[in-house]
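Whatever order the structure lists ligands and atoms in, that order sets their numbers, starting from 1. Keep in mind that the numbers below use all heavy atoms, side chains included, and drop hydrogens, waters and symmetry copies.
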Amino acid sequence: MSVPEVRNVIIIGSGPAGLTAGIYAARANLKPLCFEGFNAGGLIPGGQLMFTTEVENYPGFIEPITGPELMGRFRGQAEHQGCELITQDVEKVDFSSRPFKVWSDGQLYLAKTIVLSTGARANYIGLENEEKLKNRGVSACAVCDGPLFKGKRVTVVGGGDTAMEEASYLAGLCPEVMLVHRRDDFRASKTMQDRVRANPKIKLMLSSAVVDVFDVSQNKVTGVAIKNLKTGEVVRHDTEGLFVAIGHTPLTDIVKDQLELHPNGYVKVQPGTTSTSVPGVFASGDVQDWVYRQAITAAGTGCMAALEAERWLVAHDGH
Ligand code: NAP
């Protein structure tokens, strides 16, 4: 069997981070290869933006652009600049020695540097109707979708910092925000809790869970069923938006034994860089960021990763 060519850079993932890394690496003549994913384990071509409808906060677009259209443009630009894209998942990697090894569809690929941009997927409650009404009133990102709910009553689920932040953000747009949390205590920092508790537009339903979402027959959210977990009583609450803020899961299955991770599962990078615990392996986008999680910040770190990979190649490979 012939030995595969050693690529300068292999990019894993094709959301804003991976494709921006592709654009920059291609322009630096590194002839990058990007595995854009095929949908195993949540890695899908285009990333999380493929699940959003209108994007109104990506700079450069006066009119709203849909998530899939925006990612189509990222992809087209990466390809136009010379980034090779393969619509396959990566099954396994070995970063223990150089060149780094990447397996996809049973085939081995070799690379001098890696940009890991596998992202993170939002956690959902797991209800059948929640799934059916995603993007039709069910969202996991208030900053992305909140303005579409201006003037409407909305519901937020969760008790962490994200839920507090989303509830506060939505209260700036909506007349009423119902915050539903499964326990009596919030996990969120005290400051963020205090802000929520002091906001007259935010109402709390504690020790409660959303157990159903209506109304699939109308193809939009009209209400939720909320169960009091202490009494078992279920009530219907009218609402036009359901924001699920119960955490994200970084897509690190293929690297969890190879790279140092934070206790919360996200890939550790040296602050202010995209360098991981393995020299030559860079991580960008949501797989290493649980705080900002925006397309623009992911794209920014994708750019950083490509520039760092290029510098690394110059220093170590005389590229
Ligand atoms: P998180 O801290 O893990 O909180 C998730 C929340 O969702 C918890 O309250 C949890 O309830 C609840 N939950 C989990 N699974 C659930 C389910 N199946 N059904 C109902 N509720 C469920 O996640 P996060 O709020 O996204 O925050 C992630 C990290 O980012 C944290 O470290 C946070 O501090 C940080 N963050 C910081 C900022 C900021 O500083 N500005 C903003 C956002 C996030 P329990 O509490 O009962 O487990």
Side-chain angles (χ1 to χ4, degrees), residues 42 47-48 51-52 57 118-131 133-134 138-146 154-172 177-199 202-213 221 224-235 237 239 241-252 260-269 271 283 285-298 300-301:
Q48 292 297 299
F51 301 124
T52 56
N57 56 7
T118 44
R121 61 173 168 73
N123 297 336
Y124 284 89
I125 305 165
L127 306 167
E128 199 181 323
N129 289 339
E130 173 196 41
E131 177 66 31
L133 291 167
K134 269 184 196 167
V138 173
S139 166
C141 180
V143 177
C144 323
D145 299 330
V154 296
T155 300
V156 174
V157 179
D161 282 334
T162 303
M164 303 302 127
E165 208 168 57
E166 304 235 330
S168 301
Y169 179 81
L170 289 164
V177 178
M178 178 63 79
L179 177 58
V180 181
H181 179 42
R182 64 184 177 185
R183 293 187 296 126
D184 276 344
D185 292 326
F186 288 125
R187 173 186 296 272
S189 60
K190 188 166 177 309
T191 332
M192 292 177 87
Q193 284 189 40
D194 290 348
R195 196 174 307 149
V196 160
R197 290 183 197 276
N199 192 321
I202 305 176
K203 302 201 164 79
L204 307 182
M205 273 183 107
L206 302 179
S207 290
S208 297
V210 168
V211 291
D212 205 352
V213 193
V221 172
V224 288
I226 302 176
K227 182 177 184 176
N228 182 314
L229 297 173
K230 286 186 173 160
T231 64
E233 188 196 0
V234 178
V235 293
H237 173 68
T239 194
L242 174 64
F243 288 84
V244 184
I246 60 173
H248 284 72
T249 304
L251 299 174
T252 54
E260 266 181 44
L261 305 180
H262 286 281
N264 63 6
Y266 286 77
V267 173
K268 250 189 196 173
V269 291
D286 290 9
V287 75
Q288 51 86 53
D289 167 28
W290 63 91
V291 178
Y292 300 104
R293 293 195 302 244
Q294 300 301 300
I296 184 70
T297 49
T301 56

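Across all their heavy atoms, A283 and V267 have their closest contact at CB-CG1, 3.8 Å. Across all their heavy atoms, P250 and V287 have their closest contact at CB-O, 4.3 Å.
Annotation: I125 places no N or O atom under 3.5 Å from an N or O atom of ligand 1; distance criterion only.
For atom 9 (O) of ligand 1, the nearest protein heavy atom (residue, atom name, distance) is G159 N, 3.0 Å. The protein heavy atom nearest to atom 21 (N) of ligand 1 is I246 CG2, 3.4 Å. Residue, atom and distance of the protein heavy atom nearest to atom 23 (O) of ligand 1 are G247 CA, 3.8 Å. Scanning the protein heavy atoms around atom 26 (O) of ligand 1, the nearest turns out to be T162 OG1, 2.6 Å. Ranking the protein heavy atoms by distance from atom 39 (C) of ligand 1 puts E165 OE2, 4.0 Å first.
Under 4.0 Å is where a charged nitrogen must lie from a carboxylate oxygen, and between R293 and D289 no such pair does.
Counting atoms of ligand 1 from 1 in the listed order, those under 4.0 Å from a heavy atom of W290 are 29 (C), 30 (O), 32 (O), 35 (C).
Between the Q193 side chain and the A188 main chain, a donor and an acceptor come within less than 3.5 Å of each other. The closest donor-acceptor contact from the side chain of S168 to the backbone of E166 lies at 3.5 Å or more, if one exists at all. Looking at D286, its side chain never comes within 3.5 Å of a backbone N or O of A298 through a donor-acceptor pair.
Of the options R187, R182, R183, H181, the smallest heavy-atom separation from atom 20 (C) of ligand 1 is shown by R182. Of the options D161, D289, D184, the smallest heavy-atom separation from atom 38 (C) of ligand 1 is shown by D161.
The only member of V244, L170, V138, L242 that meets side chain to side chain contact (heavy atoms under 4.5 Å, CB included) when paired with T155 is L242.
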